[in-house]
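Side chains included, hydrogens not; waters and symmetry mates left out as well; all remaining heavy atoms used. Note that the structure is a prediction, hence the values are computed from the model and not measured. Along the sequence shown, the residues carry numbers beginning at 1.
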Amino acid sequence: MQKGFLIAASVAGLTGVILGAFGAHALRPLIDTYQQTIWDKGVQYQIYHALAIFACAMYLKNEPSALVRNAAICFVLGIVCFSGSLYLLATRGLTQIPAIALGPVTPIGGLFFIAGWALILIQAVRKD
C-alpha cells in the first residue's frame, strides 16, 4: 500500500506541475481572471495534498497505521473531487459542462481533505 501512495503522490505532483504550467501559459488567454483564480486554487490544493500523500507514504514505510492509510486515501479522493471539479469549473466556458453538475463535487472534495487531516491529528494524538 505504501508503494501505491508513493505512486499516487508522484502522479499528483507531476500532474499538478503540468496543470500549473498549462494554466499559466496555454489556458491564460482562453479564460478570464476569475476562472484563472479557480484553476490556480485547484493546482495549489493538488500540490499541497500530493506532498501530504508523500508524507503518509513515508510514515507508512516505517510504521503501519490504518489512520494514516485512510488519511492518504482521503487526500487522493480530495484531489480528484476538489481540484478536479475546480479545473472543470474554470474551463466550463470551453467544455460546456454545466456548473450545476460540478458545484456539489467541490465541497465533497474539501470534506475529504478535512477528514484526511483529522485522521492525521488523531494518529498524532494517539501516538506516544
Quick one: side chains of residues 21-32, donor-acceptor pairs under 3.5 Å with protein atoms, not counting sequence neighbours, listed by atom name and distance.
{"from": "Arg28", "atom 1": "NE", "to": "Ala24", "atom 2": "O", "distance (Å)": "3.2"}
{"from": "Asp32", "atom 1": "OD1", "to": "Tyr34", "atom 2": "N", "distance (Å)": "3.1"}
{"from": "Asp32", "atom 1": "OD1", "to": "Gln35", "atom 2": "N", "distance (Å)": "2.7"}

Same cluster for Leu86 and Ile97 if Ile/Leu/Val/Met/Phe/Trp/Tyr side chains link at under 4.5 Å?
yes
Quick one: are Gln36 and Trp39 in side-chain contact, heavy atoms under 4.5 Å?
yes
Going only through I, L, V, M, F, W and Y residues with side-chain contacts under 4.5 Å, is there a path from Ile18 to Val80?
no
Pair Tyr59, Gln123: side-chain N/O donor-acceptor within cut-off below 3.5 Å
yes
Check: Ile120 and Leu67 side chains under 4.5 Å, non-hydrogen atoms
no
Check side chain to side chain donor-acceptor pair (under 3.5 Å) between Gln44 and all other residues, then give those that pass, not counting sequence neighbours.
Lys41, Tyr48
Quick one: which residue pairs count as a salt bridge (Lys or Arg N to Asp or Glu O under 4.0 Å) with a foot in residues 58-69, not counting sequence neighbours?
Glu63-Lys127
Run the side chain to side chain contact (heavy atoms under 4.5 Å, CB included) test on Phe5 and Leu60 for me, step by step, so that the C-alpha distance in whole Å, both residues' side-chain angles and the decisive distance to 0.1 Å come before the verdict.
CA-CA 9 Å; Phe5 290 135; Leu60 292 169; 3.7 Å; yes
With a 4.5 Å limit on heavy-atom distance, are the side chains of Val43 and Ser83 in contact?
no
Return yes if some donor-acceptor pair links the side-chain N/O of Ser65 with the main-chain N/O of Val68 below 3.5 Å, else return no.
yes
Value for CD1 (Ile73) from CD1 (Ile53), rounded to nearest 0.5 Å, stands at 10.5 Å
Under 3.5 Å, side-chain donor or acceptor atoms of residues 101-118 against the rest of the protein: list the pairs with distances, not counting sequence neighbours.
{"from": "Thr106", "atom 1": "OG1", "to": "Ser85", "atom 2": "OG", "distance (Å)": "2.6"}
{"from": "Trp117", "atom 1": "NE1", "to": "His49", "atom 2": "NE2", "distance (Å)": "3.0"}

At their closest point, which heavy atom of Val76 faces which heavy atom of Ala8, and how far apart are they?
CG2-CB, 4.1 Å
Distance, nearest 0.5 Å, that separates CG of Asp40 from OG1 of Thr33
10.5 Å
Does Leu6 reach the side chain of Phe54, with side-chain heavy atoms less than 4.5 Å apart?
yes
Can you tell me which residue pairs pass the ring pair (Phe, Tyr, Trp, His ring centres under 6.0 Å) test with a partner in residues 90-109, sequence neighbours excluded?
none
Quick one: CD1 on Ile47 to CG on Leu19, what's the gap to the nearest 0.5 Å?
9.0 Å
Could you tell me the separation between the CG atom of Leu89 and the CD1 atom of Ile38, rounded to the nearest 0.5 Å?
6.0 Å
Which pair of non-hydrogen atoms, one from Ala50 and one from Ile79, has the smallest distance, and what is that distance?
N-CD1, 4.0 Å
For Tyr87, check side chain to side chain donor-acceptor pair (under 3.5 Å) against everything at least two apart and list the hits.
Gln46
